[in-house]
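Written out below as structure tokens is the structure these notes cover.
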Protein chains: 2
Amino acid sequence: MSIQVPYDRRLSACGVKHLALYQAIRDSIVAGKLPPGAKLPSTRTLADAYGLSRGSVSIAYEMLAAEGYVRASVGRGTYVAGAEARFLDSRQRQSSSGEGAELSSNAEALGGDNGLPATRFPTSPAALGLSGWGLRLIGEARLGESACDKTQGERPPLQQSISFKPRGMGEQWFPWMSWKAAVSAEWRRRGPAPAEDGTAAAGSEELRRAIAGRLRRERGILCEAEDIVVTGGSMQAIALLAQLLLEPGKSAVSEDPCYSGIQRAIRASGAALIPAPVDRQGIVPDDWPAELLFVTPTRQFPTGAVLTYERRMALLDWAVKRSAWIVEDDYDSEFRWSGRPLEPLKALDRQERVVYVGSFSRAMRQEVRIGYAVLPSALREPFLLAKQLYDPYPAGLTEQRALADWMNQGEYDRHLRRSRRIFNRLQGLLREELSKLEPLFDVHPADAGLLLFATWKDSPERYDQFASACREAGVSWGDGSIYVAERRPDERTALFGFAHLDEEGIAAGMHRIRETAVRLGRLNARAEVANAAQKYAARNGGAEDA
Amino acid sequence: MSIQVPYDRRLSACGVKHLALYQAIRDSIVAGKLPPGAKLPSTRTLADAYGLSRGSVSIAYEMLAAEGYVRASVGRGTYVAGAEARFLDSRQRQSSSGEGAELSSNAEALGGDNGLPATRFPTSPAALGLSGWGLRLIGEARLGESACDKTQGERPPLQQSISFKPRGMGEQWFPWMSWKAAVSAEWRRRGPAPAEDGTAAAGSEELRRAIAGRLRRERGILCEAEDIVVTGGSMQAIALLAQLLLEPGKSAVSEDPCYSGIQRAIRASGAALIPAPVDRQGIVPDDWPAELLFVTPTRQFPTGAVLTYERRMALLDWAVKRSAWIVEDDYDSEFRWSGRPLEPLKALDRQERVVYVGSFSRAMRQEVRIGYAVLPSALREPFLLAKQLYDPYPAGLTEQRALADWMNQGEYDRHLRRSRRIFNRLQGLLREELSKLEPLFDVHPADAGLLLFATWKDSPERYDQFASACREAGVSWGDGSIYVAERRPDERTALFGFAHLDEEGIAAGMHRIRETAVRLGRLNARAEVANAAQKYAARNGGAEDA
């Protein structure tokens with residue numbers, strides 16, 4: 001008995017045998033081609049069928065087991081676990097994970113002589129003695145490495161090339177002088193050391209007060225300084241929450257596509273990841289059998305969809321019904337181009353099921369590593385203990401205090417007002433330029449955020465060819481596939497960030513893309529002119545000819 | 001059937017029924033009075049026997065199960081797990097942990113009406129939906145809360161009171177002006193942003209180069225910048241290593257006593273904690289059935305013992321034999337008062353089994369949250385991935401770069417030379433003063449570090465009485481019991497830190513302690529004089545009478 005999995009395709013993409021096998025089997029399980037309960041062939045059978053060493057097959061099986069895709073039973077074989085099996089039969093699951101541990105010992109016993117090609121990890125992961133968490137973490141990294149299009153980022157871009165890959169706010173738009181003055185002043189002032197108890201780990205009280213005031217005022221979230229824990233960027237809050245709430249046997253929902261850090265944190269925890277589809281109204285609510293949901297309602301990352309009010313209420317109902325937690329990642333709420341923002345889940349949450357996570361790294365600069373979590377009362381203490389284990393004393397306290405001061409002095413608001421004007425202009429320009437590529441890309445509507453999300457309208461092969469030609473011409477953009485949990489092989493998406501560029505850069509970059517499109521015959525010069533004429537006509541009420 | 005556990009003693013110490021029961025059963029298991037495999041009574045039986053609600057007993061059992069002390073099997077009862085059971089029978093362990101999960105659901109079903117007194121955690125931990133890691137973390141915090149002597153830290157010390165509780169370097173000894181100038185200069189200079197790949201999370205390359213140079217020069221450790229990952233204090237490195245290398249079913253050795261953060265990290269990971277006794281030569285090597293050892297060879301924390309060369313080699317042999325990892329926490333190597341330091345384990349390690357962890361929080365100030373790990377090549381990438389999950393972009397990069405500059409300019413060395421002179425004087429004074437308390441305390445020898453460790457020579461009751469009287473008189477010290485994994489009920493130990501004080505403060509504080517001792521009849525005034533005379537005589541070659 002053997003199985004048919006897309007091994008050759010994966011091998012040609014990543015070049016490493018056991019990784020390719022791991023990915024191929026994973027693809028088939030996720031696509032439902034290998035259903036829950038299906039028996040996988042023995043390592044010997046599969047090794048013979050695909051011309052691999054048994055060691056390579058063992059490593060692939062072990063990685064699948066560490067991520068919960070398969071469960072192995074010594075003497076009986078290896079079976080596909082699958083979502084249903086995980087939720088319905090917890091006893092079986094628990095006992096199978098025990099036996100899975102024995103499988104890894106076997107893999108370990110096979111040890112070094114498996115003839116693996118050299119990878120980033122010189123020692124076999126089994127021989128390192130890593131925890132399940134550690135194994136899943138490096139498995140995920142290997143995957144991320146090879147799952148990226150090989151055509152993307154293969155060599156450093158040319159000096160003069162223009163990249164639309166989202167990078168947050170550009171150096172030129174951030175008021176460094178004012179921020180540096182605030183930090184320097186705080187260094188001169190140097191407030192008292194925080195109390196030497198657990199609460200010190202929550203971060204600067206001044207800053208937590210300033211954040212609470214802002215959230216009450218701007219987002220309608222009723223919270224106080226003591227509900228807030230300051231973290232080193234929002235990713236730290238997400239990673240701590242995953243560790244505190246997830247483990248093998250539990251399940252977490254994440255939007256698909258979503259920020260890859262969320263996927264990494266869930267997968268490392270060992271919980272099953274349930275990818276939830278996203279449409280033009282945001283995440284599609286469902287009765288997920290899960291304990292935790294990560295969601296970006298204000299502006300879905302990366303598609304930009306705004307979650308409707310009805311769906312927000314549906315998510316809250318789900319959380320109450322399931323006694324599940326929701327982590328609301330409000331990563332980008334400061335930059336809106338139209339309309340009033342809907343209320344965050346946290347403001348609508350009457351049953352204390354929502355953790356609200358925010359960050360200053362986006363509204364300021366990535367270098368400002370200040371994020372925070374607003375916690376329901378029941379999670380406050382556990383979260384603080386988790387933070388304390390990693391950071392008994394708040395790191396970057398001087399910067400936190402400087403930020404509080406910067407906010408209290410109105411500098412933060414001034415900065416936001418100024419940069420909103422700038423970015424509104426830049427996103428308008430980019431949107432107009434992208435509309436000229438209508439035959440190629442479908443640009444999603446978005447009323448907030450620092451990037452535009454677009455779906456490629458043609459075949460993946462043509463996308464790869466086009467993206468590659470553009471890179472040759474000195475222009476590139478962000479690859480949407482790295483945010484996708486369940487890869488749709490026929491879909492290609494692109495991210496166009498603008499906040500690190502200026503108007504000239506955007507115009508020049510888009511010009512290069514159009515030129516390339518014309519050169520490849522994907523866009524004809526006349527279509528472009530016609531397009532412009534149509535737009536002009538539409539704007540001026542029709543009738544006229546250009 | 002019931003069992004005899006020291007419940008009443010625990011209850012009088014902590015006042016909370018389910019915690020007292022949890023601790024009492026834990027004590028009996030650790031002491032071997034309840035051996036592995038022993039069946040515990042049903043919740044009803046135990047509730048009746050001790051006059052508790054069944055809910056309280058369930059919570060206590062659940063906490064024991066979460067920490068791996070017992071395993072429960074629905075319909076069969078609850079059994080003591082114990083270390084041997086864990087190592088020998090991994091299949092049984094795994095399946096029992098699955099059934100333990102069912103026990104917690106039962107406890108959850110019992111829910112709110114268990115008549116528990118209010119604790120820091122308003123919701124029952126089972127109802128929070130925490131991971132095993134989260135449950136263990138808050139269980140540990142509850143324990144720490146109640147295990148501390150109630151007499152310690154019960155109320156804030158008087159304004160004028162003197163505390164010898166170790167707090168690291170005092171404000172007055174740290175060259176704030178120079179350090180602030182370095183940070184401000186770095187803020188003005190603002191180097192380039194680090195590359196946007198995983199290696200950015202390793203921290204400032206300048207600083208890693210400076211640390212590597214210093215370690216080669218001062219500690220004989222052959223390492224390069226790329227072997228080093230900068231962390232937010234050494235505790236972050238310890239917590240990440242525990243997460244990466246430990247999990248339920250594994251075991252880790254820690255010195256007993258040791259820094260409580262190490263115990264917390266091990267317990268949260270779910271690994272079994274094997275406490276290793278420490279004598280005057282440091283940790284006593286053994287053939288521990290464990291995957292990881294945390295050790296402080298340079299200066300054992302908190303006893304101050306220096307690990308002998310033979311024992312260092314024995315630890316390395318153990319690690320090679322067991323394929324185990326050693327985390328060498330070199331927390332205090334900068335402050336030596338005599339002799340040359342022995343080579344760190346990392347310098348003696350020929351087989352790449354040692355992770356060396358260091359910190360600047362002690363040699364500088366606690367506010368400087370900069371620590372680091374020097375990793376064997378096999379662990380470099382996994383550790384970096386773990387760090388990256390929590391901190392994709394290095395927090396506090398400006399301070400890291402400022403520190404590199406401070407080191408390169410020689411300011412760090414100047415600061416160390418100056419503070420070594422000061423602290424050498426202070427520790428000499430403190431040691432002399434403590435020698436006058438010889439009838440009460442046995443002060444351990446130590447040739448390095450910023451605290452002195454002492455064992456109380458009389459009964460615990462008299463210690464509690466004495467410590468309490470001293471607090472009334474406005475002087476206190478650190479409680480050694482919080483560093484102990486296996487509490488020895490008959491032992492009391494004390495920590496006297498000096499680096500946050502000056503000579504006047506030390507003299508005044510010790511004077512208050514002596515006065516109190518004389519008042520309580522624990523030290524007579526004449527004994528003190530005689531003691532001084534004897535010392536004088538010894539110094540001057542005998543013969544003379546004072």
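As a basis for the values below, the full set of heavy atoms in this structure was taken, side chains included, without hydrogen atoms, waters or symmetry mates. Quick note on labels: first sequence line is chain A, next is B, and so on, each numbered from 1.
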Given that the side chain runs from C-beta out, which part of A:Pro394 has a heavy atom under 4.5 Å from chain B: side chain, backbone, both or neither?
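Backbone only.
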
Using heavy-atom distances under 4.5 Å, tell me whether A:Leu246 contacts chain B through its side chain, its backbone, both, or neither.
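The backbone, not the side chain.
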
Quick check for you: among A:Ile238, A:Ile370, A:Leu245, A:Thr231, which has the greatest number of heavy-atom pairs under 4.5 Å with chain B?
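Most pairs with chain B among the choices: A:Leu245.
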
Please give me the minimum heavy-atom distance between [X] and [Y], naming the atom from each residue.
X: B:Gly261; Y: A:Leu389; value: O-CD1, 4.4 Å
X: A:Leu244; Y: B:Leu137; value: CD1-CD2, 4.4 Å
X: B:Lys180; Y: A:Arg188; value: NZ-O, 3.4 Å

Test B:Pro392 against every option in A:Arg369, A:Gln366, A:Gln236 by the side-chain contact (heavy atoms from CB on, under 4.5 Å) rule and name the one that passes.
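Exactly one option meets the side-chain contact (heavy atoms from CB on, under 4.5 Å) with B:Pro392, and it is A:Arg369.
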
Give, as side chain, backbone, both or neither, the part of B:Leu240 having an atom under 4.5 angstrom from any heavy atom of chain A.
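Both backbone and side chain of B:Leu240 come within 4.5 Å of chain A.
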
Portion of B:Glu291 that has a non-hydrogen atom of chain A nearer than 4.5 angstrom
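Nothing of B:Glu291, per the 4.5 Å heavy-atom cut-off to chain A.
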
Would you call [X] and [Y] a side-chain contact if the rule is heavy atoms closer than 4.5 Å?
X: B:Trp187; Y: A:Trp187; answer: yes
X: A:Val183; Y: B:Val183; answer: no
X: B:Glu367; Y: A:Leu397; answer: no

Please report the C-alpha distance between A:Tyr390 and B:Met235 in whole Å, then the side-chain angles of each, then the deciding distance to 0.1 Å, and finally whether the side chain to side chain contact (heavy atoms under 4.5 Å, CB included) criterion is met.
CA-CA 6 Å; A:Tyr390 289 85; B:Met235 189 56 218; over 6 Å; no

Backbone N or O of B:Ser184 within a donor-acceptor pair of the A:Ser184 side chain at under 3.5 Å?
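Answer holds: no.
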
